[in-house]
Amino acid sequence: ALVLAATELFAEYGFDGVSVDQIASKSGVNKAMINYHFGGKAGLYSEILHTVFGSMSEGLQAIRESAAPPDARLRQVIREIGRMVASHPGLPMMILREVLSGGEHIDDSTLPHFLGLFGTIRLVVESGTRAGVFRSVNPLATHIGLIGSIMFFFSSERFRKAKIASFPLGTEMPLPDDYLSHIEELMVRGLAAEPRRTRARR
């Protein structure tokens, strides 16, 4: 109850904008339990990030060990991120707030989870380059483009519904699954190696 309530509040107001009293009130739990279980607000915040990214570890490990082609594995990474976000809707906004704060509330024990996701993307991209499936690219730039677009899409859902949905754009707002499929195609096609040109016979 504390984790669920705190995730929603941190996403809405940021770490500094949420008090222990607010978390306790929203969760219906005595605020003393926050100190008892997590050692305070900062510990609760770290626990949320650990829980969320820890839930990805098994899926990412399976992708790293998979014998599937690199493009299929990249699609799996994107779907794993989508699964994580679907299970923890407040996460994208929490991550964007952390990025804007310079990672002020990410401690040394949480950082490896972020690096683990990058490590998986890097492994998939570099294996694709070696196999001739992907062109040579900067794995970190690929990671930023992939994670940034997905986090922004999910964190801006309320804005789209409140401010944009009523405008005659001439197209429908993409649903989450549609957007993830769109990103899959952008990434896989954008990274694809150019076909080798064969010299014409005389």
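Count residues from 1 along the sequence.
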From [atom1] ([X]) to [atom2] ([Y]), nearest 0.5 Å:
X	Y	atom1	atom2	result
K41	D21	NZ	CG	10.5 Å
I48	F15	CD1	CZ	10.0 Å
K31	L2	NZ	CG	13.0 Å
T129	L191	OG1	CG	8.0 Å
I121	L60	CD1	CG	8.5 Å
I95	L100	CD1	CG	12.0 Å

**Report entry** Sole candidate of R64, R73, R122 that passes side chain to side chain contact (heavy atoms under 4.5 Å, CB included) when paired with S127
**Finding:**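 Among R64, R73, R122, the one that satisfies the side chain to side chain contact (heavy atoms under 4.5 Å, CB included) with S127 is R73.
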Requested in this report: Would you mind telling me which of T120, I63, V188, T142 makes a side chain to side chain contact (heavy atoms under 4.5 Å, CB included) with L74?
Outcome: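 Single side chain to side chain contact (heavy atoms under 4.5 Å, CB included) partner of L74 among T120, I63, V188, T142: V188.
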For the residue pair [X] and [Y], establish whether any side-chain heavy-atom pair is separated by less than 4.5 Å.
X	Y	answer
I164	M173	yes
V133	P69	no
L49	M94	yes
V20	N35	no
I183	L186	yes
M56	R83	yes

Query raised in the report: Tracing side-chain links under 4.5 Å among I, L, V, M, F, W and Y, which residues wind up in one group with I144?
Result: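 I144 clusters with F118, L140.
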Query raised in the report: For S181 and R79, does a side-chain donor sit closer than 3.5 Å to a side-chain acceptor?
Result: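 Yes, a side-chain donor-acceptor pair sits under 3.5 Å.
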Quick check: does any side chain N or O of [X] sit under 3.5 Å from a backbone N or O of [Y], one acting as donor and the other as acceptor?
X	Y	value
S156	F159	no
S27	I23	yes
R97	E12	yes
H88	M84	yes

If every non-hydrogen atom of [X] is compared with every non-hydrogen atom of [Y], which pair is closest and at what distance?
X	Y	answer
S149	G145	OG-O, 3.0 Å
A6	L44	CB-CD2, 3.6 Å
I150	Y179	CA-CE2, 4.4 Å
F154	P176	CE2-CB, 3.7 Å
S155	M93	O-CE, 3.4 Å
V85	M151	CG2-CE, 3.8 Å

**Report entry** Residues forming a side-chain contact (heavy atoms from CB on, under 4.5 Å) with Y36, sequence neighbours excluded
**Finding:**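 Checked Y36 against side-chain contact (heavy atoms from CB on, under 4.5 Å); matches are M33.
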Query raised in the report: Going only through I, L, V, M, F, W and Y residues with side-chain contacts under 4.5 Å, is there a path from I81 to V99?
Result: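 Yes; V99 is reachable from I81 via cluster members.
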**Report entry** CA sep, side-chain torsions, deciding dist, call: R75, E185, side-chain contact (heavy atoms from CB on, under 4.5 Å)
**Finding:** CA-CA 9 Å; R75 292 179 187 274; E185 294 303 318; 2.8 Å; yes
Kindly check if the number of other-residue, nucleotide or ligand heavy atoms within 6.0 Å of [atom1] ([X]) is above 12?
X	atom1	result
E172	CD	no
E58	CD	no
E126	CD	yes

Requested in this report: Not counting sequence neighbours, which residues clear side chain to side chain donor-acceptor pair (under 3.5 Å) with E98? List them please.
Outcome: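 For E98, the residues satisfying side chain to side chain donor-acceptor pair (under 3.5 Å) (neighbours in sequence not counted) are Y45, H105.
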Query raised in the report: So, is the end of the R160 side chain (NZ or CZ) under 6.0 Å from the ring centre of F153 and within 45° of the ring's axis?
Result: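 Flagged: R160 positioned over aromatic ring of F153.
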